[in-house]
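Encoded as structure tokens, the structure appears first; notes follow it.
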Amino acid sequence: MSSAGDAALEWRAPSGRLRRIPLVRLGFALAGVFCASLALAQSGDLRRSGYQEMGPALQKMQDDDTANPAMLFVQVGAAAWAAKAGAAGKSCADCHGDAAVSMKGVAARYPAVAPAPAGPVDLEGRINLCRTVHQQAPALVAESDDLLALSAFVTLQSRGLPIAPPDDPALAALRAQGRDLYERRQGQLNLSCANCHDDNAGHRLAGAVIPQGHPTGYPIYRLEWQALGSIARRLRNCVVGMRAEPWQPGATEYLALEAYLMDRARGMALDGPGVRP
Amino acid sequence: MRWRAFAALLLLPAAAWGQQDSIPEPLTGQPGDAARGRAIVANRAVGLCLLCHSAPIPEERFQGDLAPSLAGAGARSTPEQLRLRLVDAARLNSDTIMPPYYRLDGLTRVAKNFQGKTLLTAQQIEDVVAYLASLKD
């Protein structure tokens, strides 16, 4: 509910869009009662994460740090955090200190805008900027275990925190591009992301429930992959499934989609590094 | 056979199929084979049908529920109507999520290995029409 004088009902649709309906003028007494009940009924956030869509067995696997396979990568990432690298001879910890303090909430804010000339980057991109600029080390290969391990370790420090994309105007164009890609049909099957994840979320595509597509758990350990992977890898899977031409690794399109989807998931709890079917 | 299907692909779309509810003429000279059609529908890598639809194909588990069941399709629609729905369901409903199974135009960013290819061949369309038409209840 918004403030008085501009009374309206606002809620989050499953698509993440903010919906707003001005209240019809009713008799004062009636309006009060009506309003309260309607607000209760409709102001609920209808968004559901992939974690919420999973069965209890998989949820349990994710929740148990001794069973979540992504935690093996977190251990590797923790070691990498403390290890000196590159010509500068510095570790991540040398600048950032205790990750539990310095990295808390960081993963929930990405993609974000790095200083020029880098521009918008996702978490993996930010890690590689640190490597090349501050550590003077070669960038880690996209989708490599080393990069995913560091990303998983940093992500863990934000577990349970709400996704909070920055209000940086430099991200607006990227999000708009992402939304356009999300809603545009492509490939031999002529489908858009929205066709499934907005319009048919909750239905079954063959045996699998279609999730709403909120990227709350990346990097994820996907059982289908038997590996940890980034959101770009997951997006690529869907693009290939549509029989569309996948973008090149590192292409802006993946970053744009990620920026849009994280904004769409704003306020949802980050649950990475997650397990997904 | 091949040239005939190709000619149909080139010539028919907008003009002949435009405003109609059906495609009266078969796409090939060879009648569709319902048994082959059933195999195409059942195959998730060929027909893809069961990703969205369920069908009376009990040996295939995990059928989708995004679209109506194919059971009774032959009672609800004529073979000619089924043919149009397979060839390009968007001609009846531009918002449909049903992929165009026999259309090449108006597609974006098709993967290289699928470019210039329809989802099904003309003969496969006829086979699936024959199968669906046989589903009377």
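Since this is a predicted model, take the numbers as computed values, not measurements. All chains are named by letter (A, B, ...) in the order of the sequence lines, taking the proteins before the strands, and each is independently numbered beginning at 1. Side chains included, hydrogens not; waters and symmetry mates left out as well; all remaining heavy atoms used.
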Next item on the list: Please confirm whether the backbone N or O of A:Ser230 pairs with a side-chain atom of A:Glu143, one donor and one acceptor, at under 3.5 Å?
Entry: yes
Checklist line | B:Gln63 side chain to B:Ile57 backbone, donor-acceptor under 3.5 Å | finding: yes
Notebook entry, point to check: By a 4.5 Å heavy-atom criterion (distance strictly below it), what part of B:Arg61 contacts chain A: side chain, backbone, both, or neither?
Noted result: neither
Note to self: Using heavy-atom distances under 4.5 Å, tell me whether B:Leu50 contacts chain A through its side chain, its backbone, both, or neither.
What the structure shows: backbone
Item checked: Test applied, side chain to side chain contact (heavy atoms under 4.5 Å, CB included); reference residue, B:Ile40; option that passes from B:Leu48, B:Asp33, B:Leu120, B:Thr121 -> B:Leu120
Checklist line | Within 45° cone of A:Tyr260 ring axis and under 6.0 Å: A:Arg175 NZ or CZ | finding: no
Next item on the list: Just do the salt bridge (charged side-chain N to carboxylate O under 4.0 Å, His left out) check on B:Glu60 and B:Arg44 with the steps written out, would you?
Entry: CA-CA 10 Å; B:Glu60 285 295 325; B:Arg44 286 148 208 262; 3.1 Å; yes
Notebook entry, point to check: Is any residue of residues 245-252 of chain A within less than 4.5 Å of chain B by heavy atoms, and which ones?
Noted result: A:Glu245, A:Trp247
Checklist line | A:Asp122 versus A:Tyr218, side-chain donor and acceptor atoms under 3.5 Å | finding: no
Notebook entry, point to check: Most heavy-atom pairs under 4.5 angstrom with chain A, which of B:Ala111, B:Gly64, B:Pro99?
Noted result: B:Ala111
Item checked: Heavy-atom pair count under 4.5 Å with chain A, highest-scoring of B:Cys52, B:Ala67, B:Pro100, B:Gly106 -> B:Pro100
Checklist line | Between A:Asn195, A:Asn200, A:Asp199, the one whose heavy-atom pairs under 4.5 Å with chain B are most numerous | finding: A:Asn200
Next item on the list: Please report the C-alpha distance between B:Arg103 and B:Asp88 in whole Å, then the side-chain angles of each, then the deciding distance to 0.1 Å, and finally whether the salt bridge (charged side-chain N to carboxylate O under 4.0 Å, His left out) criterion is met.
Entry: CA-CA 6 Å; B:Arg103 182 185 100 196; B:Asp88 188 7; 2.9 Å; yes
Tell me which donor-acceptor pairs under 3.5 Å the side chains of residues 129-137 of chain B have, and how far apart each pair is, sequence neighbours excluded?
from: B:Ser134; atom 1: OG; to: B:Tyr131; atom 2: O; distance (Å): 2.5
from: B:Lys136; atom 1: NZ; to: B:Gly74; atom 2: O; distance (Å): 3.2
from: B:Lys136; atom 1: NZ; to: B:Ala133; atom 2: O; distance (Å): 3.2

Item checked: Part of A:Leu191 lying under 4.5 Å from any heavy atom of chain B -> side chain
Margin query: Using heavy-atom distances under 4.5 Å, tell me whether A:Val239 contacts chain B through its side chain, its backbone, both, or neither.
Written below: side chain
Next item on the list: Would you indicate whether the side-chain heavy atoms of B:Ser54 and B:Asp65 approach each other to under 4.5 Å?
Entry: no
